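Structure, as structure tokens:
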There are 2 protein chains.
Amino acid sequence: MTSEETHDEIMQATYDALCDRGYVGLTMADIADGAGKSKSLLHYHYDTKADLLVSFIEHLLSDFEERIAVTVDAPPEERLLSFVEWFVIDPDEDDRAAFHLALLELRAQGAFNEAFSEQLRASDELLRGTVESILREGIESGAFRDVDVEATAAWIIATVDGARTRQITLRTDWYTDAVCHHLIDVFETWLFVEDNERGGQ
Amino acid sequence: MTSEETHDEIMQATYDALCDRGYVGLTMADIADGAGKSKSLLHYHYDTKADLLVSFIEHLLSDFEERIAVTVDAPPEERLLSFVEWFVIDPDEDDRAAFHLALLELRAQGAFNEAFSEQLRASDELLRGTVESILREGIESGAFRDVDVEATAAWIIATVDGARTRQITLRTDWYTDAVCHHLIDVFETWLFVEDNERGGQ
DNA sequence: TGGTCCTGACTGAACGGTCAGTCAGCGACG
DNA sequence: CGTCGCTGACTGACCGTTCAGTCAGGACCA
């Protein structure tokens, strides 16, 4: 088995272990077992547990990059709404909720680990950049009003992130529902240019 | 020293230890040292580490209850705005940021510990109840429009929580700034009744 | 073709440290 | 004298990390 195949298996095993143990409960033994390999192998490929996890966040990032590259063709209103819907977790997606819970633990650990922190900041920039580019596209095409792109992207992300955080930590869809409806209201009132206005001014 | 004094000291030491170690790094020895007592004493008062932490969250809750009881006299617009400002962390309040980071870890642990989860849900109800009561008061007095109280409280909390989470995990005030400005905009447009409208309809 | 050398992926066992939890006992106070 | 608050020494389990060694296969040479 090549080094790269092994790397992919380890990343997958890390994901699985993170889902059913969380970050706090995550052990090298869990990951090794999940990959059907020995603990020592993990240290053969990554110096420390922290290194492995940094690699894992990198892996997530490139995954995310691939996924957003796919959806660039839709109109901006649709892209923005599907971004919001994608962010929120479906009630029956148990493993995704578990994963984001672990990710939340990981995000909190950034404060104690500079390498984590760096990766997390990179993923934040990617996320913000994505929303900003949707907004810019909408404004350029005349579909959106001329809002402050950076600030608008920031509050949208903060809002959906907060809703998801409360959704997964409190195990209720109450917050995501309220936030989704609210966002749609705000978008329709403040952001989307009505058809009958288009080209008007 | 009475049992209650010791309890308070332990809670304070837990707070301190949580601030500079985080939840993951928190040990019984840290707490004991901070309180100037022995580890065994902690087990004398609380059966397990988890029990101690449940006690700690209870302690936070009653603290929060006392604090909000103070501010009930201000007008609803002011109460709402000061709630938002209070939620957000000042850039130079390092220890408060550290504490909320630890609290974030603790919130994520709710998924693995039913007793934590219960306490956290209680604190969520308290928070939601507080915002809802501000909204209800505003609507009754005619200062606020007749919005859906539960849903509005939910999205406000999700928004400020998300902003604070990103603020403390990414160590940037970018999100909280954007969210504060946005919230003030939304409040003034959708929630607050203008003076010249008052009594009008 | 077959033998030698080397390397990269991988393992099992052990080590060292950490940490929650235990337990026997001690001083002080009512 | 009992019990309440408290301690220090200790234990068992766990977990990241290390290390000596195995094994398959590829390169190179005779």
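In the text below, chain A, chain B and the rest are named by the order of the sequence lines, each starting its count at 1. Every heavy atom of this structure was used, including side-chain atoms; hydrogens, water molecules and symmetry mates were not. The model shown is predicted, which means the values in this text are computed figures rather than measured ones.
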Using a strict cut-off of less than 4.0 Å between a Lys/Arg side-chain nitrogen and an Asp/Glu carboxylate oxygen, indicate whether [X] and [Y] qualify as a salt bridge.
{"X": "A/D161", "Y": "A/R107", "value": "yes"}
{"X": "B/R136", "Y": "B/E132", "value": "yes"}
{"X": "A/R121", "Y": "A/E114", "value": "yes"}
{"X": "B/E137", "Y": "B/R79", "value": "yes"}

Gap between atoms [atom1] and [atom2], on [X] and [N] respectively (whole Å):
{"X": "B/H7", "N": "D/dC4", "atom1": "NE2", "atom2": "P", "value": "19 Å"}
{"X": "A/D33", "N": "C/dT11", "atom1": "CG", "atom2": "P", "value": "11 Å"}
{"X": "A/Y46", "N": "C/dG8", "atom1": "OH", "atom2": "P", "value": "17 Å"}
{"X": "A/H43", "N": "C/dA14", "atom1": "NE2", "atom2": "C1'", "value": "14 Å"}
{"X": "B/E5", "N": "D/dG5", "atom1": "CD", "atom2": "C1'", "value": "12 Å"}
{"X": "A/K49", "N": "D/dC14", "atom1": "NZ", "atom2": "P", "value": "15 Å"}
{"X": "A/M28", "N": "C/dT18", "atom1": "CE", "atom2": "P", "value": "18 Å"}

By the 4.0 Å heavy-atom rule, please label [X] as base, sugar-phosphate, or nothing.
{"X": "B/T48", "result": "sugar-phosphate"}
{"X": "A/L26", "result": "sugar-phosphate"}
{"X": "B/S3", "result": "sugar-phosphate"}
{"X": "B/L42", "result": "nothing"}

State whether B/H45 places a side-chain N or O below 4.0 Å from either non-bridging phosphate oxygen (OP1 or OP2) of D/dC6.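 For B/H45, the contact criterion (side-chain N or O under 4.0 Å from OP1 or OP2 of D/dC6) is met.
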side-chain N/O B/Y44 vs D/dC6 OP1/OP2, d < 4.0 Å: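 B/Y44 to D/dC6 OP1/OP2: no side-chain N or O under 4.0 Å.
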Using nucleotides 8-11 of chain D, report all nitrogen or oxygen pairs with the protein that are shorter than 3.5 Å.
residue: D/dG8; atom: N7; partner: B/S40; partner atom: OG; Å: 3.1
residue: D/dG8; atom: O6; partner: B/S40; partner atom: OG; Å: 2.2

Short side-chain donor-acceptor distance under 3.5 Å, A/D124 and B/Y175: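 Yes, A/D124 and B/Y175 have a side-chain donor paired with an acceptor closer than 3.5 Å.
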Looking only at the side chains, is there a donor atom on one of A/D16 and A/Q12 sitting less than 3.5 Å from an acceptor on the other?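 On atom types as modelled, these side chains qualify, holding a pair under 3.5 Å.
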Where the side chain of A/K37 is defined as all heavy atoms beyond and including C-beta, which of C/dG21, C/dT11, D/dT7 is the nearest nucleotide?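 Of all the options, the side chain of A/K37 is nearest to C/dT11.
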Could you tell me whether the side chain of A/E5 and the main chain of A/T2 form a donor-acceptor pair under 3.5 Å?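 Answer holds: yes.
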